[in-house]
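Residue numbering restarts at 1 for every chain, and letters A, B, ... go by the order of the sequence lines.
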Amino acid sequence: MREQFDDLLTGCVDALPSDDLLHRLCAAQVEGRPLRAKLGVDPTAPDIHLGHTVVLRKLRQFQDLGHTAVLIIGDYTAKVGDPSGRSKTRPRLDDEEIAENARTYIAQAGKVLDMDRVELVRNSDWLAPLRMNEVLKLTSVTTVARMLERDDFSKRYEQSEPISMVEFMYPLLQGYDSVAVRADVELGGTDQTFNLLMGRTVMEAYGQRPQSIMTMPLLVGTDGVQKMSKTYGNYVGVDDAAEDMYGKIMSIPDGLMGPYWTLLTGAGHREVEDILDRLASGTYHPARAKRDLAARIVDLYHGLEAADGAAAHFDRVFKEKDRPQDIEELPIPLSAIQEGRIWLPRLLVETGMASSNSEARRLIAQGGVRVEDVVATESTAEFSVDELRDCVVQVGRRRFLRLK
RNA sequence: GGGGGGAUGCCCGAGUGGCCAAAGGGAGCAGACUGUAAAUCUGUCGGCGCAGCCUACGGAGGUUCAAAUCCUCCUCCCCCCA
């Protein structure tokens, strides 16, 4: 039991109230009743990345220990939406988009969870029919002062950034979800702490025992700075090809290996501690550790064979700086040909390897463009169609194209 | 309802009449180096067949030889008071 508990706490930032979860686990064992572990996700984006899997893995751990994973698709809360930021022009998600996102989300979540044993529900089932008097009851469980205690609200308030009224509704609705599914414990990122705690308040107001809450750190993206997010371009998608996944993980700063091992591999606390100890003592080479990490994660989503293939691909392209095996092929665009000649900058633009003539000139000036392994030095370079046929054009270290 | 502040390049943010395609930082991109696409360093970072030209500092007009900078109106955002 203690061992189980320690594994559950691995990677967690907080489990509140302090001994509540342990008590529940014990009681569950004694009574032979599994705990109901709740995770709510809003299907606001079509793809999920490793950042989303942190909390999914934790939920999976609950499953593996025989508890019930309750996955709430926030198809209603997604529509309430988070109106922060400069979103006035952003079109509201319509029902079809949400449905589509939910579909892909569930499919991708299945790579982490045992979907056969997940209790899958949608919160529109109970939120959509709510009547005004219910909503009013819900809003009366807390106060504006408490809302403003919330870290991000208070920060925004100080910095004179807008806070919309519906944003006040959001934690209440999420809390109502907990009531609806009778959650024993709710999981979430640390950014969800307030919402999770609000769930306790709401449950209490509805005469239920307030849930235990468990928060997981926000995964830092491959840039090592910001949280993993598609908008920052520092994400590793669950559906990324094995080679991409491997390469992206190899690109993380060394300091991120600890969190990644802890949060993304599903390794138990003993294994993680061992790895980190050996890294700290220098008996485990960081390059080796990162390769193992990358392989481990690719294995989780693509299998061992793909992981080996990705590692080999990585060595070939980045270590030996060789050409990759599969180079995209493209016919020489007709639009790049003028009077039978092909001007190099135009070729780069027309093939999508540079975004503008200026960009192309820049790349050439910086020695970043190669044609058949020969560095192009002049932005005035011209070729004939025959000269370029079957040639490999390379921009930077990782963009290749074979002309046909 | 009244008063005040603000809108600058992908993002943050300086700039209050010419020296501004616009400081600085971040991201990105390229180069060097390496254990990797880490770290570090260097360069670059609106467009144009580019030693020149064009378009740009929320929008529309105006003043001026000259405007991101001054004036007018408009749009949006924020704060304070009520």
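- Between the C1' atoms of B:A22 and B:C45, the separation comes to 14 Å (whole Å).
- Using a 4.0 Å heavy-atom criterion, one finds that A:Arg341 contacts no nucleic acid atom at all.
- Nucleic acid contact class of A:Glu378 (heavy atoms, under 4.0 Å, all strands): none.
- Residue A:Thr380 is in base contact, counting any heavy-atom pair closer than 4.0 Å across all strands shown.
- Using C1' as the reference atom, B:A60 and B:C11 are 28 Å apart when rounded to the nearest Å.
- Note on ring orientation: taking the six-membered ring where Trp is involved, the planes of A:Tyr105 and A:His52 are perpendicular (angle over 60°, cut-offs 30° and 60°).
- For the pair A:Gly367 and A:Met257, both in contact range of RNA chain B, the more 5′-proximal nearest nucleotide belongs to A:Gly367.
- Candidate nucleotides B:G43, B:G31, B:G47 were compared by shortest atom distance to the side chain of A:Gln366, and B:G43 ranks first.
- B:U55 and B:A67 are spaced 16 Å apart, taking the C1' atom of each and rounding to whole Å.
- A distance of about 14 Å separates the P atoms of B:G2 and B:C74, rounded to the whole Å.
- A pairwise comparison of heavy atoms in A:Gln211 and A:Leu196 identifies NE2-O, 3.1 Å as the closest pair.
- Donor-acceptor pairing under 3.5 Å, judged by distance alone, is present between the side chain of A:Ser358 and the base of B:C50.
- A sub-4.0 Å separation between OP1 or OP2 of B:G31 and a side-chain N or O of A:Arg397 is present.
- Remark: B:C57 base-pairs with no nucleotide in the shown strands. Criterion, Watson-Crick or G-U wobble with two distances under 3.5 Å.
- One interatomic measurement links the two molecules: CG of A:Leu363 to P of B:G31, which rounds to 8 Å at whole-angstrom precision.
- Residue A:Arg361 places no side-chain N or O under 4.0 Å from the OP1 or OP2 atom of B:U44.
- Atom CE in A:Met353 sits roughly 14 Å away from atom P in B:C29 (whole-Å rounding).
- At whole-Å resolution of the value, CD in A:Glu359 and P in B:G28 are 14 Å apart.
- Proximity note for A:Pro253 (side chain, C-beta onward) versus B:G47, B:G35, B:A38: the nearest is B:A38.
- Note on A:Gln338: a base of the nucleic acid sits closer than 4.0 angstrom, heavy atoms only.
- The base-pairing partner of B:G1, taking Watson-Crick or G-U wobble contacts with both distances under 3.5 Å, is B:C81.
- Distance from the side chain of A:Ala287 is smallest for B:G35 among the nucleotides B:U44, B:C29, B:G35.
- When rounded to the nearest whole Å, the span between CD1 of A:Ile252 and P of B:G35 equals 18 Å.
- Figure legend. B:C45 is base-paired to no nucleotide; pairs are counted as Watson-Crick or G-U wobble with both atom distances under 3.5 Å.
- The cationic group of A:Lys248 lies under 6.0 Å from the six-membered ring centre of A:Tyr235 and within 45° of the ring axis, placing it in a cation-pi geometry.
- Atom CZ in A:Arg362 sits about 12 Å away from atom C1' in B:A21, given to the nearest Å.
- Contact record, A:Ile98 with A:Pro43: CG2-CG, 3.7 Å, taken as the closest heavy-atom pair.
- Comparing the C1' positions of B:U69 and B:A23 gives a spacing of 15 Å, expressed to the nearest Å.
- Of the listed nucleotides (B:G35, B:A37, B:G47), B:G35 has the atom at the smallest distance from the side chain of A:His285.
- Distance from the side chain of A:Asp254 is smallest for B:G35 among the nucleotides B:C48, B:A37, B:G35.
- For the C1' atom pair drawn from B:G28 and B:C20, the interatomic distance equals 24 Å after rounding to whole Å.
- Residue A:Leu348 contributes atom CG, which lies 12 Å from atom P of B:C48 at whole-angstrom precision.
- Distance A:Met245 CE to B:A37 C1': 16 Å, rounded to the nearest Å.
- Taking the P atoms as reference points, B:G25 lies 11 Å from B:G43, given to the whole Å.
- Inter-residue side-chain proximity for A:Phe400 and A:Val393 is flagged as unmet; no heavy-atom pair is nearer than 4.5 Å.
- Summarising the base pairing, B:A32 is matched to B:U40 through a Watson-Crick or G-U wobble pair whose two defining distances lie under 3.5 Å.
- Residues A:Gln208 and A:Val179 come closest through the heavy atom pair NE2-O, 3.0 Å.
- Base pairing annotation: B:C76 forms a Watson-Crick or G-U wobble pair with B:G6, both donor-acceptor distances under 3.5 Å.
- Across all strands shown, B:A27 remains unpaired; no Watson-Crick or G-U wobble contact has both distances below 3.5 Å.
- Side-chain contact check for A:Val392 versus A:Leu403: every heavy-atom pair is 4.5 Å or farther apart.
- Checked against B:C48, B:C29, B:G31, the side chain of A:Arg370 finds its nearest nucleotide in B:G31.
- Under the 4.5 Å side-chain criterion, counting only non-hydrogen atoms from C-beta, A:Leu363 is in contact with A:Glu359.
- Comparing the same atom, C1', in B:A32 and in B:C57 gives a spacing of 36 Å after rounding to whole Å.
- Both A:Trp343 and A:Val369 lie close to RNA chain B; mapped to their nearest nucleotides by heavy-atom distance, the more 5′-ward contact belongs to A:Val369.
- Distance from the side chain of A:Arg399 is smallest to B:C29 among B:C29, B:C48, B:G35.
- At whole-Å resolution of the value, CD in A:Glu350 and P in B:C48 are 11 Å apart.
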